[in-house]
Amino acid sequence: MKSINLQRTESLLMELIPEALSTLSDDRIRSLPITGVNCKNGKYDAIVYFDGSDFEDKEIAGVISALTKATGRIKSYVLSATGWYKCPNFKFVNDTSLESSKSIEDLFRQIQNDKKS
């Protein structure tokens with residue numbers, strides 16, 4: 001189980017990362033929805049999950065590349081907003097859990113329709 005401080009850090013990053021992205025000039029990542037942040041090793045590493053369902057599979061690599069290039073600006077934004085002396089290293093990952101939950105919901109709907117008929 002995660003400590004309260006780690007959960008607070010993740011929650012704060014969930015708020016600050018989209019704010020930082022909104023200040024960037026790249027249209028692909030400016031309004032990118034962040035679905036989760038998972039901090040590892042205290043505040044040293046953080047995996048940032050984003051919803052890439054608006055992009056095709058071959059475009060996801062470009063989005064991750066743009067996010068990686070913008071990491072310095074994101075870190076400086078987080079540091080200035082929080083007053084921390086160190087910001088986590090961000091790793092950006094496409095969140096596919098939304099797609100899998102949608103397919104599970106479709107299966108439940110199909111089962112419900114089969115029971116009705």
Side-chain angles (χ1 to χ4, degrees):
M1 185 166 173
K2 292 185 180 180
S3 70
I4 298 290
N5 288 336
L6 194 58
Q7 291 176 4
R8 285 183 186 153
T9 300
E10 290 175 348
S11 176
L12 187 59
L13 288 173
M14 278 286 295
E15 293 176 21
L16 292 176
I17 292 173
E19 288 176 16
L21 291 177
S22 68
T23 64
L24 300 175
S25 62
D26 193 341
D27 290 333
R28 293 177 298 174
I29 61 175
R30 183 181 302 154
S31 60
L32 193 66
I34 303 299
T35 58
V37 175
N38 187 8
C39 289
K40 303 281 185 188
N41 299 330
K43 285 195 294 188
Y44 296 108
D45 295 310
I47 300 173
V48 180
Y49 297 96
F50 65 91
D51 180 16
S53 60
D54 294 340
F55 301 101
E56 294 180 18
D57 291 337
K58 51 188 166 185
E59 293 176 315
I60 294 293
V63 171
I64 291 174
S65 173
L67 287 167
T68 304
K69 287 179 184 176
T71 298
R73 296 184 114 188
I74 296 169
K75 282 183 171 186
S76 65
Y77 184 89
V78 169
L79 288 174
S80 67
T82 59
W84 292 342
Y85 62 93
K86 182 161 176 39
C87 188
N89 295 316
F90 297 120
K91 179 182 177 188
F92 296 96
V93 177
N94 183 20
D95 189 2
T96 57
S97 64
L98 297 174
E99 295 169 6
S100 63
S101 67
K102 182 180 175 190
S103 65
I104 290 172
E105 288 175 8
D106 291 341
L107 287 173
F108 284 139
R109 206 171 293 117
Q110 182 181 5
I111 290 170
Q112 185 179 16
N113 290 339
D114 290 345
K115 284 186 176 183
K116 286 182 181 179
S117 52

Just checking, any donor-acceptor pair under 3.5 angstrom between side chains of S3 and N5?
no
Interatomic spacing from OG in S22 to CD1 in I17 - rounded to 0.5 Å
12.0 Å
Are there more than 12 heavy atoms of other residues, nucleotides or ligands under 6.0 Å from atom CG of D57?
no
Rounded to the nearest 0.5 angstrom, the CZ-OG1 distance for F92 and T71 is 4.5 Å
Quick check on K115: does its NZ atom have over 12 non-hydrogen neighbours (other residues, nucleotides or ligands) under 6.0 Å away?
no
Nearest-0.5 Å distance that lies between atom OH in Y77 and atom OG1 in T82:
10.5 Å
N89 and K75: CA distance, side-chain angles, deciding distance, side chain to side chain contact (heavy atoms under 4.5 Å, CB included) verdict:
CA-CA 8 Å; N89 295 316; K75 282 183 171 186; 2.7 Å; yes
Rounded to the nearest 0.5 Å, what separates atom CG in L79 from atom OH in Y85?
11.0 Å
Should we count CZ of R73 as having more than 12 external heavy atoms under 6.0 Å?
no
How far does CG of D54 sit from CD1 of I60, to the nearest 0.5 angstrom?
9.0 Å
Can you give me the closest heavy-atom contact between D51 and L32, atom names plus distance?
O-CD1, 3.9 Å
Between W84 and L12, is a side chain to side chain contact (heavy atoms under 4.5 Å, CB included) present by the stated rule, with each step listed?
CA-CA 12 Å; W84 292 342; L12 187 59; 3.7 Å; yes
Work out which heavy atom in A70 is nearest to a heavy atom in I29; give both atom names and the distance.
CB-CD1, 4.2 Å
Taking D95 for its side chain and T35 for its backbone only, find out whether a donor-acceptor pair lies under 3.5 Å.
no
Between CG on residue L16 and CD1 on residue I34, distance to nearest 0.5 Å
11.5 Å
Does T68 use its side chain to pair, donor to acceptor, with the backbone of I64 at less than 3.5 Å?
yes
